[in-house]
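Data first, discussion second: the structure below is written as structure tokens.
The basis for the numbers below is simple: all heavy atoms, side chains too, and nothing from hydrogens, waters or symmetry mates.
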Amino acid sequence: MMNFTIYKSFPYQILFLLCIGVSLFANYELTFTVWFLTLLVTIKRKYSVTIVKYCSIFLAILLVATVSTFSSKTTLFLFIRDFTYLIKPILGLLVGYQLCRFSSKLALKVFIYTGLAISILHLVTLFFTIIQFRTLSVNFLRQQGGYFSDYEIYVLIVLIFYKNLKIEISKKQRTVLLLVIGLSSFLYLARTNLIQFIILYMGLKGYLVYSHKSLKVILSVLLFTIVGYTAIVYLNPKREGKGIEAFLYKIKIAPEEAFKTRINKDDWKDFNDNYRSFENIITVKQVSNKGTRAILFGEGLGSTLNIGRKILTNDNEYVQYIPIVHNGYMTVFLKSGLLGVILLLVFLIHLYRQKKSNIEAVQAINYLLLGSSVFLIVSNWVFLGLYLKLDNKSIIIGFLIALREVMLRECKSQKSSLNEY
């Protein structure tokens, strides 16, 4: 008879894969249910001050929105829906923190091979989509295979800096993993993932901490970005372009798309290309028109933004009143006002201010968290940050915080053993 051994950590590995994987599907109700049930079955006896501090900031944003609701009219359904949206970062942080029940070596392997599983699923989906529909349309492939994958970018960075993190992996395994996950990441053709990779890479190099060298590197990256963007503008990719041209067109319009202040809503091209900016403009106008109280504390849970026309969402529904917008700062402003936005910035500052460690692997985790805070500045502006329904960065951050604590305990234990010896 064959003997099968199931380790105690195995259920946590499955739950981690499930929680990361489910967030990639366009079904927030399913994601919330899986995360919430996982939270209940993995509750710990003790939590660090760090994870409690991070969660308390998002809890404060939720409480401000809840109190503001008393001054607004809403329905129970809209109230509950917004409550689940605003509690999502807390759920993710706690789930990621609670699921890290491994040694540091096993935790990193779980982290990496979860990324491999997601990458293979993405590549298989794209393959069958191309075969079935015989198309290389970027927009269609992204619609079928997914618009982005923050998780895979984190795994790529971990694999690139495997020595810093003390990951024991053969050269052949690492090469295969980099090729598969790298190809999958590239085929999302997501601008935010490209920015994320650059920021996290610079973070792990230590270039996001001020020094003369880091200043030179940042200026060099900015110069390279300007030159690259100028080249794309010169190539003038068309809106109707296919393949890489469609991706380059999205890069070309990126600055206007997120920051344009005047939009002709009767021009469908201008409206569609700069829809994110349109949302920002409408949000500021609507909240400001509600008076000082709304500006300071928001319109509360259940509040919606009136777009002024019905638009087709990614859920294939036509809606005029939307509960959240692409911009995380604006969404928080709508629900919790300027106080909520300030609290969100406080979280980013705390996440950035990681204490320096003499332990190389721990410092690498600190750099990864620091880089995450810088990326979240961008992610909050264009993609809702930790509030995005498809987002799993909150789980990643919670997992990394717990992993750092595991590394510190392991190091302390090793030192105690050496002293006893």
Side-chain angles (χ1 to χ4, degrees), residues 50 53-54 57 104 108 111-112 148 150-167 174 178 181-182 185-186 190-232 251 254-255 258-259 328-329 342 344-383 385-386 393-394 396-401 403-405 407-408 411:
T50 301
K53 178 176 65 178
Y54 290 154
I57 295 172
S104 60
L108 287 166
F111 192 82
I112 291 170
F148 66 97
D150 290 336
Y151 189 86
E152 291 174 56
I153 300 299
Y154 273 96
V155 176
L156 276 179
I157 292 296
V158 166
L159 286 169
I160 291 172
F161 291 91
Y162 76 105
K163 289 184 179 179
N164 305 70
L165 290 159
K166 309 300 179 185
I167 299 174
R174 180 170 167 269
L178 283 171
I181 300 173
S185 299
F186 172 76
R191 295 166 295 176
T192 49
N193 278 166
L194 177 60
I195 295 171
Q196 178 189 10
F197 180 84
I198 294 172
I199 290 175
L200 292 182
Y201 183 88
M202 291 177 64
L204 266 292
K205 281 288 188 179
Y207 296 146
L208 296 181
V209 178
Y210 178 77
S211 68
H212 290 297
K213 183 178 180 180
S214 64
L215 183 60
K216 289 180 181 178
V217 171
I218 291 173
L219 290 175
S220 298
V221 170
L222 288 175
L223 179 61
F224 178 79
T225 302
I226 293 171
V227 172
Y229 179 75
T230 302
I232 292 174
I251 293 178
F259 298 102
Y329 303 111
I342 291 171
L344 182 57
L345 293 175
V346 167
F347 167 76
L348 296 178
I349 292 171
H350 277 295
L351 188 61
Y352 178 85
R353 298 177 65 181
Q354 299 295 323
K355 292 182 179 179
K356 189 174 181 178
S357 174
N358 294 324
I359 306 170
E360 186 178 13
V362 173
Q363 185 57 28
I365 297 295
N366 288 340
Y367 280 148
L368 200 50
L369 290 170
L370 187 152
S372 298
S373 72
V374 176
F375 173 63
L376 279 172
I377 296 173
V378 179
S379 179
N380 271 301
W381 188 263
V382 298
F383 245 172
L386 301 185
K393 287 190 294 297
S394 54
I396 298 171
I397 292 171
F399 189 86
L400 291 175
I401 292 169
L403 176 57
R404 180 179 59 188
E405 293 173 8
M407 289 178 172
L408 288 170
C411 184

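- Here the two rings, on Phe148 and Phe383, have centers that are under 6.0 Å apart.
- Here Ser357 contributes atom OG and Gln363 contributes atom CD; the two are 6.0 Å apart, rounded to the nearest 0.5 Å.
- Between Asn366 and Lys355, the closest side-chain pair of non-hydrogen atoms is not below 4.5 Å.
- Ring-plane geometry between Tyr201 and Phe161 is classed as tilted, the angle between the planes lying from 30 to 60 degrees on a 0 to 90 degree scale.
- Smallest separation of non-hydrogen atoms from Ala364 and Leu204: O-CD1, 3.6 Å.
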Would you sort out whether Leu219 and Leu223 count as a side-chain contact (heavy atoms from CB on, under 4.5 Å), showing the intermediate values? CA-CA 6 Å; Leu219 290 175; Leu223 179 61; over 6 Å; no
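- Taken to the nearest 0.5 Å, the CG atom of Leu194 stands 6.5 Å off from the CD1 atom of Ile251.
- Between Ser185 and Glu152, the closest heavy-atom pair is OG-CB, 3.4 Å.
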Evaluation steps, side-chain contact (heavy atoms from CB on, under 4.5 Å), between Leu215 and Tyr207: CA-CA 8 Å; Leu215 183 60; Tyr207 296 146; over 6 Å; no
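- No more than 12 heavy atoms of other residues, nucleotides or ligands sit less than 6.0 Å from atom NZ of Lys213.
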Step by step, would you call Thr225 with Ile198 a side-chain contact (heavy atoms from CB on, under 4.5 Å)? CA-CA 11 Å; Thr225 302; Ile198 294 172; 5.8 Å; no
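- Of all heavy-atom pairs between Ser214 and Gly206, the closest is CB-O, 4.4 Å.
- Taking every heavy atom of both residues into account, Met202 and Ile218 meet most closely at CE-CG1, 3.5 Å.
- Contact annotation: the side chain of Tyr367 never approaches that of Leu208 to less than 4.5 Å [non-hydrogen atoms, C-beta and beyond].
- Using a 4.5 Å heavy-atom threshold, the side chains of Leu403 and Leu108 count as touching.
- Here the side chains of Gln354 and Arg404 are in contact, with some heavy-atom distance below 4.5 Å.
- Leu345 is listed as a side-chain neighbour of Tyr329, based on a closest heavy-atom distance under 4.5 Å.
- For the atom pair CD of Gln196 and CD1 of Ile153, the computed distance is 5.5 Å after rounding to the nearest 0.5 Å.
- Distance check, rounded to the nearest 0.5 Å: CD1 of Ile349 to CD1 of Ile342 gives 10.5 Å.
- Closest approach of Arg174 and Ile160 over heavy atoms only: NH2-O, 3.7 Å.
- Summarising the geometry, atom CD belonging to Glu405 is positioned 6.0 Å from atom OG1 belonging to Thr50; distances are rounded to the nearest 0.5 Å.
- Rounded to the nearest 0.5 Å, atoms CG (Leu351) and NZ (Lys53) are 9.5 Å apart.
- Of all non-hydrogen atoms in Ile112 and Ile181, the two that sit nearest each other are O-CD1, 4.3 Å.
- Residue-environment remark: OH (Tyr229) exceeds the threshold of 12 foreign heavy atoms within 6.0 Å.
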Atom pairs and distances, donor-acceptor, side-chain atoms in residues 369-382, under 3.5 Å, two or more places apart:
from, atom 1, to, atom 2, distance (Å)
Ser372, OG, Tyr154, OH, 2.6
Ser372, OG, Leu368, O, 2.7
Ser373, OG, Leu370, O, 2.6
Asn380, ND2, Leu376, O, 2.8
Trp381, NE1, Ala258, O, 3.1

In sequence, state the C-alpha distance, the side-chain angles, and the governing distance for His350 and Ile57, and then conclude on side-chain contact (heavy atoms from CB on, under 4.5 Å). CA-CA 10 Å; His350 277 295; Ile57 295 172; 4.0 Å; yes
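- Lys216 meets the salt bridge (charged side-chain N to carboxylate O under 4.0 Å, His left out) test with no other residue; sequence neighbours excluded.
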Please lay out, stage by stage, how Tyr151 and Phe111 fare under the test ring pair (Phe, Tyr, Trp, His ring centres under 6.0 Å). CA-CA 9 Å; Tyr151 189 86; Phe111 192 82; 4.9 Å; yes
